[in-house]
Amino acid sequence: MNFFLSHQQQPIFFHFLVMDPSSANSVNGFYSFLTRGIDDLERFFLSNNNFLSIQFLQRALSLLRSFHSQLTLLVQKLHLPVGEKWLDEYMDESSKLWEACHVIKSGISGMENYYSNAFNITSLLENHPLLTPQLSRQVIRAISGCRREAMALEEENRALMEARIQPLSLRFNERVTIESKLNGFNGFRGVLYAMRNVSSLLLMILLCGLVYCWPESDFLRGGNCEGCLCFGSAFMISTARLQQRVAAEINQLSGRKGVLLYEFRRSKVAMEELRAEVERRCSQGAVVEWEKEGGIRERVEDLKGCFGVLSNGAESIVGQLDDFFDEIVEGRKKLLDFCSHR
């Protein structure tokens, strides 16, 4: 089964987008909806051996979209006062979401040059059935060029994070010591607090996978839900648990900075394996039909597969993000219209 379909064809993710009508009618229903979604994502995380895979990140993005859509529906049920600060707070949060998702799109779109160069490596071999010393050197140079492209991508993404994500101050488990503040605007302020937490968590997961991860990031120090059981306690516990699991996995990676997307890391390994095999053949000085040489043929096929999955998955996530941008714009417009017609 092809899990990397275009964004118009994603049945595997639709279960996250199915809304429970009760969750749009009350604050407690919304907290329950958040909890179920985070618990579902955690179960998938535990069942998936490929850490920060495209499949996992697609699910995280789908979950973020469903939470946002449900929040927009809930606002219309809470009888909030027109012209009050709640609308400004919602607009601020949706603006942060918009900006962070554009950074994610920029990061993953930047992979195009990387996997385009990788396809040139396999094309070079496919167009020349005989692996001569000259062709071997060309392949090795092409792999070196692709490695430089990956390094440049990660450096650009690091700068992108510094310039555009750090100012957003995305934080998980931000403390609010006065519980009465969370009950403001018929409980909507507490809902925004919950959304700020879950959005920050999901965005940081997406950013670590698709843009850049810093080893010294606060996100990797582990969440703590102690003292935060005053409201939406099940949600807080579920969110903190997922954050701790993801942070623990990142901290176990040997090279835990840069783009941590599983398919990106796997593609770099596949390139190095092909390079080692070609260098070994080149050192022997023999001319061989590489398609009949199991070692090289298998590594070429592996490399093609890795980059095929990477490119298809990247295009799928970009499609999801574009749909999400439309949903954010529609949500903001809907609430402005809602206030103006009351």
Side-chain angles (χ1 to χ4, degrees), residues 13-41 59-102 104 168-174 176 181-206 228 231-236 238-239 242 320-321 323-342:
F13 309 117
F14 281 178
H15 72 285
F16 273 135
L17 304 179
V18 174
M19 303 301 182
D20 179 354
S22 65
S23 63
N25 292 328
S26 71
V27 169
N28 287 336
F30 183 76
Y31 291 146
S32 296
F33 181 70
L34 292 180
T35 303
R36 288 195 302 273
I38 291 294
D39 287 346
D40 283 347
L41 187 62
R59 284 174 177 255
L61 179 54
S62 293
L63 189 59
L64 185 61
R65 290 172 60 188
S66 67
F67 287 166
H68 175 265
S69 296
Q70 201 74 345
L71 174 65
T72 305
L73 293 173
L74 176 64
V75 169
Q76 300 172 63
K77 302 287 186 178
L78 293 181
H79 306 292
L80 299 173
V82 175
E84 293 285 350
K85 193 179 177 183
W86 68 266
L87 184 60
D88 293 336
E89 292 181 13
Y90 170 85
M91 291 297 178
D92 287 345
E93 289 305 311
S94 62
S95 294
K96 285 185 178 181
L97 194 57
W98 173 276
E99 177 66 9
C101 286
H102 269 285
I104 293 168
L168 296 181
S169 298
L170 298 177
R171 292 189 182 91
F172 168 70
N173 210 19
E174 181 182 334
V176 175
K181 288 179 64 177
L182 301 175
N183 294 322
F185 304 123
N186 296 334
F188 182 66
R189 183 161 279 153
V191 166
L192 270 184
Y193 169 81
M195 271 299 294
R196 187 179 300 121
N197 268 289
V198 75
S199 294
S200 293
L201 172 61
L202 295 175
L203 288 170
M204 289 308 299
I205 288 173
L206 290 163
C228 292
F231 88 105
S233 59
F235 155 72
M236 295 298 291
S238 293
T239 308
L242 177 61
Q320 282 184 277
L321 287 167
D323 289 344
F324 193 21
F325 294 140
D326 291 341
E327 292 162 9
I328 293 173
V329 171
E330 182 62 27
R332 290 167 66 94
K333 181 178 181 298
K334 187 177 292 184
L335 293 191
L336 287 172
D337 291 345
F338 174 72
C339 290
S340 64
H341 288 94
R342 287 181 59 188

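Contact annotation: the side chain of L87 never approaches that of V75 to less than 4.5 Å [non-hydrogen atoms, C-beta and beyond]. Counting heavy atoms from C-beta outward, R59 and D40 have side chains that stay 4.5 Å or more apart.
Every residue two or more places apart in sequence or in another chain that forms a ring pair (Phe, Tyr, Trp, His ring centres under 6.0 Å) with F324 is listed here: H68. With sequence neighbours excluded, the residues forming a salt bridge (Lys or Arg N to Asp or Glu O under 4.0 Å) with E99 are R164, listed by chain and number.
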Quiz item: What's the verdict on side chain to side chain contact (heavy atoms under 4.5 Å, CB included) for L192 and W86, showing C-alpha distance, side-chain angles and the deciding distance?
Solution: CA-CA 9 Å; L192 270 184; W86 68 266; 6.0 Å; no
Self-check item: From CA spacing to verdict: side chain to side chain contact (heavy atoms under 4.5 Å, CB included), Q70, M195
Solution: CA-CA 11 Å; Q70 201 74 345; M195 271 299 294; over 6 Å; no
Practice problem: Show your working on side chain to side chain contact (heavy atoms under 4.5 Å, CB included) between S66 and L63 and close with a plain yes or no. | Solution: CA-CA 5 Å; S66 67; L63 189 59; 3.9 Å; yes
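A pairwise comparison of heavy atoms in S199 and L64 identifies OG-CD1, 3.7 Å as the closest pair. For R196 against E93, the heavy-atom pair with the smallest separation is NE-OE2, 3.0 Å. The two residues A194 and F235 make their nearest non-hydrogen contact at O-CZ, 3.3 Å. Taking each heavy atom of I328 and S94 in turn, the nearest pair found is CG2-O, 4.2 Å. The minimum heavy-atom distance linking A60 with L206 is given by the pair CB-CD2, 4.4 Å.
Distance check, rounded to the nearest 0.5 Å: OH of Y90 to OG1 of T72 gives 3.5 Å. For the atom pair CG of L321 and CZ of R65, the computed distance is 8.5 Å after rounding to the nearest 0.5 Å. One finds the NZ atom of K96 at 11.0 Å from the CG atom of L203 (value rounded to the nearest 0.5 Å). T239 OG1 to L41 CG: the interatomic distance, rounded to the nearest 0.5 Å, is 10.5 Å. From I38, atom CD1 reaches atom CZ of F33 across 10.5 Å, with rounding to the nearest 0.5 Å. Distance check: L61 CG to I205 CD1 gives 12.0 Å after rounding to the nearest 0.5 Å.
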